[in-house]
Amino acid sequence: MLGRSNVGKSSLINALVGRKALARTSKQPGKTRDCNVYRIEDQLYLVDLPGYGYARVSHGERRRLGAVIDQVLTGRHQLAGVVWLLDVRRDPSAADLAMGERLAKHGVPVLVAATKGDKVGRGRRKDRLNDILKVVDLPSDQAVMTSAHSGEGIKELQDAILALTDEEGAR
Ligand code: GTP
Ligand code: MG
């Protein structure tokens, strides 16, 4: 689970596993400072990565967090893919675009989870998602609109993650 600080990674993990407080969430960005790993029913591991792009951390801490993310993206042959969270209300930031380039460079399979869908009117959600996908240059069959609060898209994202890990198992 990869995304800028405060995008909703920990909340989405809780929604995916149907638990209220497995992963620690916070209104303050920068809550998750390490890489927390959750084992899901003997089938897969979900990794809650620290958020990137949070301005209010020291230079050294930002480098450390970047290294944690890099290690997960590049150093693990068991990585089935990345769920890349993008806030549906925001245009992708410079940090998002830099991350997108890193994902493409490493050839990591990516699923986009647009987060906080409940914050945008039903009629605008799809347009917002399409605009975001255009900017990050990914196709709509690799994207799911989600809301950890309303439960929108959670089943669809679960299925997409399982499909990714099945492919990984078959490789
Ligand atoms: P870091 O660990 O700091 O990188 O943040 P995170 O990406 O893990 O975000 P977290 O899950 O802690 O959520 C950040 C804030 O967004 C909290 O106030 C959540 O309640 C809120 N939030 C998360 N998901 C949703 C959602 O689907 N809808 C709404 N409305 N708010 C959400
Ligand atoms: Mg978090």
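Counting starts at 1 for both ligands and their atoms, following the listed order. Residue indices begin at 1 and follow the sequence shown. Predicted model, so just to flag it, every value in this text is computed and none were measured.
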A.B. asks: Please indicate whether Asp137 has more than 12 foreign heavy atoms, meaning atoms of other residues, nucleotides or ligands, lying under 6.0 Å from its CG.
C.D. replies: no
A.B. asks: Can you list the atoms of ligand 1 that are under 4.0 Å from a heavy atom of Ser147?
C.D. replies: 27 (O)
A.B. asks: Touching ligand 1 at all, Val7? Heavy atoms, strictly under 4.0 Å?
C.D. replies: yes
A.B. asks: Let me check your reading of the structure: within less than 2.8 Å of the Mg ion (ligand 2), is there an N/O/S atom from Ser10?
C.D. replies: yes
A.B. asks: Would you say that Leu2 contacts Leu85 through its side chain, given a criterion of any heavy-atom pair below 4.5 Å between the two side chains?
C.D. replies: no
A.B. asks: Under 3.5 Å, N or O to N or O, is Asp48 touching ligand 1 that way?
C.D. replies: no
A.B. asks: Leu157 versus Glu152: any side-chain heavy-atom pair under 4.5 Å?
C.D. replies: no
A.B. asks: Within ligand 1, which atoms have a heavy atom of Gly51 less than 4.0 Å away?
C.D. replies: 4 (O)
A.B. asks: Which pair of non-hydrogen atoms, one from Met1 and one from Leu12, has the smallest distance, and what is that distance?
C.D. replies: CE-CD2, 3.8 Å
A.B. asks: Tell me which one of Ser10, Gly151, Ser150, Ala114 gets a heavy atom nearest to atom 8 (O) of ligand 1.
C.D. replies: Ser10
A.B. asks: How about Arg89: does its CZ atom have over 12 heavy atoms from other parts shown lying under 6.0 Å from it?
C.D. replies: yes
A.B. asks: Can you find an N or O of Gly8 that's nearer than 3.5 Å to an N or O of ligand 1?
C.D. replies: yes
A.B. asks: Side chain, backbone, both or neither: which applies to Asn6 and ligand 1 if a contact is any heavy-atom pair less than 4.0 Å apart?
C.D. replies: both
A.B. asks: Less than 4.0 angstrom from a charged side-chain N to a carboxylate O is my criterion; do Asp91 and Lys134 meet it?
C.D. replies: no
A.B. asks: Can you tell which of Asp118, Val120, Thr146 gets a heavy atom nearest to atom 30 (N) of ligand 1?
C.D. replies: Asp118
A.B. asks: By the side chain to side chain donor-acceptor pair (under 3.5 Å) test, which pairs, at least two apart or in different chains, include something from residues 99-119?
C.D. replies: Asp70-Arg102, Asp118-Ser147
A.B. asks: Could you tell me whether some N/O pair between Ala148 and ligand 1 is separated by less than 3.5 angstrom?
C.D. replies: yes
A.B. asks: Who pairs with Tyr38 by side-chain hydrogen bond (donor to acceptor under 3.5 Å, both in side chains), at least two apart in sequence or on another chain?
C.D. replies: none
A.B. asks: In terms of atom number and element, which parts of ligand 1 are under 4.0 angstrom from non-hydrogen atoms of Lys119?
C.D. replies: 30 (N)
A.B. asks: Can you list the atoms of ligand 1 that are under 4.0 Å from a heavy atom of Ser11?
C.D. replies: 10 (P), 11 (O), 13 (O), 19 (C), 23 (C), 24 (N)
